[in-house]
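The block underneath contains the structure these notes are about, expressed in structure tokens.
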Amino acid sequence: MRVTRLFGKTTRDVPAEADTISHQLMLRAGMINQLSAGVYSYLPLALRVLQKVEAIIRDEMNKAGSQEVLMPTLQPLELWETSGRVKAFGKGLFVLKDRKDRDLVLGPTHEEVITTLVARFVQSYRDLPQMLYQIQTKFRDEPRPRGGLLRVREFTMKDLYSFDVDEAGLDKNYDIMLNAYKAIYERCGLPAIMVEADSGAIGGKASHEFMLPTPSGEDEIICCSCGYAANVEKATCVKGVCLNDKPEPLEPVSTPGMKTIEEVASFMRSRPSQTYKTLVYVADNNIILAVIRGDLEVNEIKLKNALKATDMRLATEAEVREAGLWPGFVSPVAVDGFKVVADDSIDSGSNFIAGGNKPDTHFKNVNYPRDFKADIVTDIAAARAGGKCARCGGTLNSQQGIEVGHIFKLGTFLSTKLGANYNDEQGQSHPIVMGCYGIGVGRLLGAAIEQNHDDKGIIWPMPIAPYQIALCPLYRDGTPVGEIAEKLYAEFQASGLEVLLDDRKESPGIKFNDADLIGLPLRVTVSPRTLEKNSVEVKWRNKKDSELIPLDQVTAKMVEWTRSRPK
RNA sequence: CGGGGCGUAGCGCAGCUUGGUUAGCGCGCAGCGUUUGGGACGCUGAGGUCGGAGGUUCAAAUCCUCUCGCCCCGACCA
């Protein structure tokens, strides 16, 4: 492609709407254009990247034994009512009416459609297992699209679904997919970390996310040198054991004005880890108490899952008072009528300090289960960097990342609802066991740039770069620069290289800056200076130095370099 | 949904407080000339319903009301 013909223009100024680096660079490089909030056009440079990523995905999906299909974007709302997921998606569903006033949704995902499809064509265990995928546009009315391509309302997604006769089959296919995913990111030149993930209220028994580590990512990953890695939403850590003396009698203590754990602990000459913290939440319109050791924090996602709540938030101070509780002195002791969820740290010691459930009062020597009851005791604590790894005891680290893939073991809840069953050898009917596996292709593009850029622009990994080589002739009248550049351009293309020829009559500065901005992995400069030595200058985008390569060797070298270098 | 900000040429912005000629500037764009290894320069030129509607006024980019859109923080995000 010639730059003079390429649709899209680079700009020097950063468009005001862009805050995120990848967003800014894509706009400046002329790759995308915003039509409305979270809705973008992809210009040729961006589309080439998307297509390269898709080609890698297709190859890996096919190799894994799955088949490609294409399902409708327009889906009857009724189907979603049958699956019971209208509420789960809530306002995220784009709903519209057709001319006959029937409700339709723009598909935010395709579990419902594919399960219906599979129910139609699978009757017997002989028809299983099956893996089907598509690469298709999804619509989700996000409350707040942001970060350019990182969170949008219309996006391309690869979604694959597995169908098996039993859990063992699912486990096997899940493993196959997990390895295919690793291969995809590897081949894209984008090292992703696989982490344990929360599967949400609807998810099945296991779920993993693939994260591209980058400081600007909005997800936090907790990881350990032993290989443990989990989304902070899901991560666990060792809570340790505290003083475990003989239980003393429960005793109220006057603690005037002391509301925080720190105040109370220091007043009582104790430590936060010797206290209980009690938080008040509203879950599906009911007041609930969450109890946890004072030195730990509640992980609200774990709490929400423990309660199987669809909606949960901290209670306001007014709601706390209205419930007859005293902010700062709330306690599971001497209280009645609330559901209590306790972290399993509550019995990691003895003689804890807890709220008194009346003003300016705490209890000391609180012991579980002697002094209070909990309806649920489970892990609701937030893991954090610096904590101890539950697997190996090592110290946990944390890093930020962008979620670029998510796989779930769904189980049978959808096949049961939608009637996707098979008959076994005995003629008995069973629900099909499902898994689903998604990659956000557009987000991967944004995340790739977040991870691979410098102050000059994008630095594409070779496998997904829109072109492999930027060919920059520095024209000067009376020199053969133009002629030789054209010859190289033809030669490169004939050798199967993807090359972008900057045939503009612009100054070297403009060409170099634009080349850096667009970020093709290799730059080949032809100038009077290099021709004096019968050579061209070749430079890697991610390296400082360049080298001169003789004209008669450069094509062969480029073929070699575009194949062998990972970046 | 709560909080904050912004809509003026393709892009980045000024002008608005205190209403008053043909609404400016930089980049980009078109033409001509001089330049050419890290965003050159000169001259000439094109390009605007000032987001939209209504109102106040002799007069509105500017004041008032309503409305639409976009961005950021939070909530939310199977």
Side-chain angles (χ1 to χ4, degrees), chain A residues 8-20 23-24 27-28 30 33-39 80 83-93 107-112 138 140-148 150-153 155 157 159 197-204 207 209 218-219 231 233 300-301 304-305 310-314 316 403 406-411 413-414 434 436 438 440 443 455-457 472-479 481 502 504-517 523 525-532 536-537 539 544 546 548:
Chain A
K9 275 183 182 154
T10 58
T11 64
R12 201 181 309 206
D13 289 321
V14 182
E17 80 229 23
D19 230 40
T20 310
H23 190 198
Q24 291 179 352
L27 288 170
R28 287 190 51 211
N33 190 248
Q34 183 172 7
L35 186 61
S36 109
V39 180
W80 287 78
S83 74
R85 295 212 297 172
V86 173
K87 203 178 159 196
F89 266 93
K91 290 192 163 177
L93 271 184
T109 177
H110 283 73
E111 280 86 5
E112 276 74 3
K138 306 282 191 256
R140 296 184 189 181
D141 197 359
E142 293 287 344
R144 184 152 92 84
R146 70 185 91 166
L150 295 180
R151 184 175 294 285
V152 292
R153 299 196 296 167
F155 58 99
M157 184 180 200
D159 45 322
D198 174 59
S199 54
I202 271 178
S207 162
E209 288 167 332
E218 55 179 25
D219 285 301
N231 190 312
E233 295 174 350
E300 296 193 352
I301 292 184
K304 194 172 159 182
N305 288 343
T310 53
D311 187 47
M312 193 196 80
R313 59 175 172 81
L314 267 176
T316 62
E403 179 192 343
H406 201 161
I407 61 180
F408 297 80
K409 291 185 182 176
L410 288 177
F413 75 91
L414 274 173
M434 295 174 57
C436 72
R443 178 183 284 180
D455 55 350
K456 288 281 193 180
C472 289
L474 306 181
Y475 300 111
R476 187 182 290 172
D477 288 345
T479 71
V481 168
D502 194 346
R504 297 173 300 174
K505 307 287 185 281
E506 290 287 359
S507 68
I510 288 182
K511 292 192 176 192
F512 291 152
N513 279 301
D514 276 350
D516 287 345
L517 176 59
R523 189 184 76 197
T525 307
V526 187
S527 74
R529 192 196 286 181
T530 66
L531 290 182
E532 272 173 25
V536 293
E537 179 203 85
K539 182 184 173 300
K544 226 180 167 142
S546 59
L548 284 177

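Because only heavy atoms are used, hydrogens play no part in the values below, and waters and symmetry mates are left out as well, while side chains stay in.
- Taking a cutoff of 4.0 Å between a charged side-chain nitrogen and a carboxylate oxygen, A:E537 and A:R523 qualify as a salt bridge.
- Side-chain N/O atoms of A:T11 include none lying less than 4.0 angstrom from OP1 or OP2 on B:G12.
- Phosphate contact (OP1/OP2 of B:A78, side-chain N/O of A:T109, threshold under 4.0 Å): absent.
- Counting to the nearest Å, the C1' atom of B:C70 and the NE2 atom of A:H23 are 11 Å from each other.
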Contact state string [nucleotides 41-47 of chain B, B base, S sugar-phosphate only, - no protein heavy atom under 4.0 Å]: -------
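- Between B:G37 and A:R476, a contact under 4.0 Å exists linking OP1 or OP2 to a side-chain N or O.
- Per the geometry, CG belonging to A:L27 stands 12 Å off C1' belonging to B:C71, to the nearest Å.
- On a pure distance criterion of 3.5 Å, no polar donor-acceptor pair joins the side chain of A:E506 and the base of B:G39.
- The A:S507 side chain lies nearest to B:U36 when the options are B:U36, B:A78, B:G37.
- In this structure, CG of A:D514 is placed 12 Å from C1' of B:G28, rounded to the nearest angstrom.
- Taking only side-chain nitrogens and oxygens, A:R12 comes nearer than 4.0 Å to OP1 or OP2 of B:G28.
- Within 4.0 Å of A:P15, counting heavy atoms only, lie sugar-phosphate atoms of the nucleic acid but no base atom.
- When Watson-Crick and G-U wobble pairs are counted only if both distances are under 3.5 Å, B:C70 pairs with B:G5.
- Rounding to whole angstrom units, NZ of residue A:K9 and P of B:C11 are separated by 12 Å.
- Contact annotation: side chain of A:D13 to base of B:G28, donor-acceptor pair absent below 3.5 Å.
- Checking B:C27 for Watson-Crick or G-U wobble geometry (two distances, each under 3.5 Å) identifies B:G10 as its partner.
- The partner of B:A40 is B:U34, by the rule that a Watson-Crick or G-U pair needs both atom distances under 3.5 Å.
- If you check every strand for non-hydrogen atoms under 4.0 Å, A:P145 touches sugar and phosphate atoms only.
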Verdict with supporting geometry, A:E142 and A:V152, side chain to side chain contact (heavy atoms under 4.5 Å, CB included): CA-CA 7 Å; A:E142 293 287 344; A:V152 292; over 6 Å; no
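- Pairing of B:G48, defined by two Watson-Crick or G-U wobble distances under 3.5 Å, is not identified with any nucleotide.
- If you check every strand for non-hydrogen atoms under 4.0 Å, A:G147 touches sugar and phosphate atoms only.
- If you check B:G54 for Watson-Crick or wobble pairing at under 3.5 angstrom, you find it paired to B:C64.
- A:S546 comes within 4.0 angstrom of nothing in the nucleic acid, heavy atoms only.
- A 3.5 Å limit on both hydrogen-bonding distances identifies no Watson-Crick or G-U partner for B:C16.
- Counting distance only, with no hydrogens placed and no angle test, the side-chain atoms of A:R151 and the base atoms of B:C77 include a donor-acceptor pair under 3.5 Å.
- OP1 or OP2 of B:C73 lies within a sub-4.0 Å distance of a side-chain N or O belonging to A:R144.
- When the nearest nucleotides of RNA chain B are assigned to A:L517 and A:E111 by heavy-atom distance, the more 5′-ward of the two goes with A:L517.
- Between B:U21 and B:C27, the two C1' atoms lie 28 Å apart (nearest whole Å).
- Looking at heavy-atom distances under 4.0 Å, A:R28 makes contact with a base.
- Contact check, A:Q34 against B:C71: a side-chain N or O comes under 4.0 Å of OP1 or OP2.
- The base of B:G38 sits within donor-acceptor range of the side chain of A:R523, with an N or O pair under 3.5 Å.
- To the nearest angstrom, C1' of B:C76 lies 12 Å from CD of A:E300.
- Among the heavy atoms of the strands lying under 4.0 Å from A:K456 is at least one base atom, whether or not backbone atoms are also near.
- Nucleotide B:U36 holds its P atom 18 Å from the CG atom of A:D502, rounded to whole Å.
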